[in-house]
There are 2 protein chains.
Amino acid sequence: MEVITLKDIAKALNLSTSTVSRALRDSYEINEKTKKLVAEYAKKVNFRPNPIALSLKDNKSRAIGVIVPEIANNFFSQAINGIEDEAYSRGYHVVICQSHESLEREKENLRHLFERRVDGILISLSGKTTDIKHILEYSESNFAVVFFDRVPESGGFHKVVADNFSGAFAATEYLIKQGKKRIAHITSPLTLSITKERLEGYKKALEVHGIAIDNELIKYCGFDPEEAKSTINDFMNTQKPDAFFTCSDRLALHCYEAFQNRKDEMPVDTPFFGFTNLNVSHLFHPKLSTVVQPAYEMGGRAAKILLDQLESKRKVKDFDKIVLETYLKIS
Amino acid sequence: MEVITLKDIAKALNLSTSTVSRALRDSYEINEKTKKLVAEYAKKVNFRPNPIALSLKDNKSRAIGVIVPEIANNFFSQAINGIEDEAYSRGYHVVICQSHESLEREKENLRHLFERRVDGILISLSGKTTDIKHILEYSESNFAVVFFDRVPESGGFHKVVADNFSGAFAATEYLIKQGKKRIAHITSPLTLSITKERLEGYKKALEVHGIAIDNELIKYCGFDPEEAKSTINDFMNTQKPDAFFTCSDRLALHCYEAFQNRKDEMPVDTPFFGFTNLNVSHLFHPKLSTVVQPAYEMGGRAAKILLDQLESKRKVKDFDKIVLETYLKIS
DNA sequence: TTAATTTATGCAATCGTTTTCAGGATTTTT
DNA sequence: AAAAATCCTGAAAACGATTGCATAAATTAA
């Protein structure tokens, strides 16, 4: 497979590169016969314009960056699928970076992507990110940014999120309808937007069903597995909840592990709910039910907004916030 | 964050772009004073050479492509982590494509990456790929290829694989030492290199321990979950093995699902082994033990070989085949 | 037949960087 | 003091594509 340039074609057909270029782009200035000649030859030798040359010319890389906490997480890998399908179908490629829940890594990722001259980025914030100064720095220089899933509170950006409130409400309500009254909620640090929204959904469901909110049943857990372990131990030694509802993939897994470490097995009649996209939750013991987010769609929508923005001439002035529905997967 | 070019620096300091370029690359031709002046100014305005311009000049994109069957699979996402760490630390970026176990998609991925002018690719073959003609087409035009995990039989390529034989041997031996004698092996199509190697390990362990090989206990399963289902049903209705050993992530999951669909639960004293990197296998019911591959390392090594090759002047003549050890994770 | 118009093509600049070549200025050698 | 060597710098070409401008050739109008 040989790499062919415009110049090669021009030489072969005894034309100038400009004529060849125009012929291929079907310019009105070029004779039909010439066009056909060029088109046929180009096809024969399998000509493809060098995307790097085009990038240099247009000052556009036709690449977008994605920053997620972790690829090895079903939610994010599904979201990435959505992003890639949208991007590839529109001729963009995708550079993926992981923040590993670290603000420092997130900053490095941004710098790397910026230096690589990506046209814009999609980002789901790290768990340690409390403000977005580092992102604002870049977002001036016509460097478009769209947030998804874990988004900042401040306005002025496009965002795509799940309906965290309703998802948490539905899960909590489901547990209540199963007759549960002491539902523990184990959640992430309050710095994350999703934490607050899910907590509100949980509280609202209790309220609607006339169950008093017991703050002892709500625990915040950072990223250290040990935290989850001691939280679970506390719960089992004191509160003995009759159901669990955790806020994330990671927390659900840490809690399951904490249970495995205890002598007394997790009671089978204590249902466990997670806000996760784990595609194997139904194989867990005890069963793990989940609030599932439309991760693929979320990625695709976020990518679409970004690319639309990149390709539109006028500067956007109003910013979309798209909220996608979740659904329950009962195991 | 402003984007600065050589020309900007040249204008500001009243020098020519060539002098600035040379100063920054510490050329012996440039006066020390000038060098210092330029270096300081460049640092102040945060100059970064435009990678796209460099790519065009060098005819190198400093990007590598990765083709895997599926990102949403722990083995591959861990391998990608290894690839990205190696690549980013050496100033390359990574374009990820998924073949979704389809030969057609794999061909499209190749075409896409080639047109994108990546300098080389890392590939783990799709389950439908039986020959590598489509890859050979490209591998001429100084387009380096390194295979990992699922590699072709033919020589003439760099390869990084797990010691599939030993892994399968160890798992089978473990089951035998647990007193199991009728160990079912459910495996992928024989077109995949890993299938054969793992099957050989399984057979060898039986042989070493004086257990006759029963071909009725060996079943090949494609990618359709229904196949796994009927395989499991067949086994449970007739052979009733006293242990299971599956060849892949996917097969292990399909089998677990098949068991869930049956009335009679999977007997708890029938141990189940998978050749997978599932990081939640210990939370399954019944327990899933696994042969774990060093996925991160595999990705990293493969990337290193590829990048070393890209950066070496002389053409490689002998091709490495690196075999990495697996380990058992008993749940 | 000559001028005006249309048609078809090529030249050259551009994007940002590197690098070859050339040359001016300064210093050293004779 | 002239020739040679050394040092520093800049102009220009190259990478591959696009595009404004110029112009030659063909056609039409007068």
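Shown here are the salt bridge (charged side-chain N to carboxylate O under 4.0 Å, His left out) partners of B:Asp26, two or more places apart in sequence or in another chain: B:Lys35. Remark: A:His100 engages no residue in a ring pair (Phe, Tyr, Trp, His ring centres under 6.0 Å) (not counting sequence neighbours). Every residue meeting the ring pair (Phe, Tyr, Trp, His ring centres under 6.0 Å) condition with B:Tyr88, not counting sequence neighbours, appears here in chain and number order: A:His112. A search for ring pair (Phe, Tyr, Trp, His ring centres under 6.0 Å) contacts involving A:Tyr296 returns nothing, not counting sequence neighbours. For A:Arg150, the salt bridge (charged side-chain N to carboxylate O under 4.0 Å, His left out) partners at least two apart in sequence or on another chain are A:Glu101. Applying the salt bridge (charged side-chain N to carboxylate O under 4.0 Å, His left out) test to B:Arg90 and every residue at least two apart in sequence or in another chain returns B:Glu86, B:Asp308, B:Glu311. Here B:Phe157 pairs with B:Phe147 under the ring pair (Phe, Tyr, Trp, His ring centres under 6.0 Å) rule; sequence neighbours left out.
A donor-acceptor pair under 3.5 Å links the side-chain atoms of A:Asp8 to the main chain of A:Thr5, judged by distance alone.
The nearest whole Å value for the distance from the CG atom in B:Asp26 to the C1' atom in C:dT18 is 16 Å. The interatomic distance linking A:Leu24 (CG) with D:dA17 (P) rounds to 10 Å, in whole Å. Atom CZ of B:Arg25 and atom P of C:dG16 are 17 Å apart (whole Å). With rounding to whole Å, B:Leu6 atom CG is found 13 Å from C:dC15 atom C1'. If you measure from atom CZ of A:Arg116 to atom P of C:dG16, you get 17 Å, rounded to the nearest angstrom. In this structure, the NZ atom of B:Lys33 is 16 Å from the P atom of D:dC7, given to the nearest Å. Note: CD1 (B:Ile9) to C1' (C:dT18) measures 15 Å, nearest angstrom. Put simply, NZ on B:Lys11 is 13 Å from C1' on C:dG16, counting in whole angstrom units.
Identified under the side chain to side chain donor-acceptor pair (under 3.5 Å) test for residues 13-22 of chain A, with sequence neighbours left out: A:Ser16-A:Ser18, A:Ser16-A:Thr19. A salt bridge (Lys or Arg N to Asp or Glu O under 4.0 Å) check over residues 39-53 of chain B, counting only residues at least two apart or in different chains, returns the pairs A:Glu115-B:Arg48.
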Pairs under 3.5 Å (N/O, protein and nucleotides 5-11 of chain C):
| residue | atom | partner | partner atom | Å |
| --- | --- | --- | --- | --- |
| C:dA8 | OP1 | A:Asn31 | ND2 | 3.1 |
| C:dT9 | OP1 | A:Thr34 | OG1 | 3.1 |
| C:dT9 | OP2 | A:Asn31 | N | 3.4 |
| C:dT9 | OP2 | A:Thr34 | OG1 | 3.0 |
| C:dG10 | OP2 | A:Ser16 | N | 2.8 |
| C:dG10 | OP2 | A:Ser16 | OG | 3.0 |
| C:dG10 | OP2 | A:Thr19 | OG1 | 2.5 |
| C:dG10 | N7 | A:Arg22 | NH2 | 3.4 |
| C:dG10 | O6 | A:Arg22 | NH2 | 2.8 |
| C:dC11 | N4 | A:Ser18 | OG | 2.9 |

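Across all strands, A:Thr5 comes closer than 4.0 Å only to sugar-phosphate atoms, never to a base (heavy-atom distances).
Taking the C1' atoms of five terminal pairs at each end of the helix from C:dT1-D:dA30 to C:dT30-D:dA1, the two resulting helix axes are inclined by 70°, rounded to 10°.
For the contact set between residues 50-61 of chain B and DNA chain C, defined by any heavy atom under 4.0 Å, the members are B:Asn50, B:Ala53, B:Leu54, B:Lys57.
Side-chain contact of B:Thr129 with B:Ser126: a donor-acceptor pair under 3.5 Å is present, judged by distance alone.
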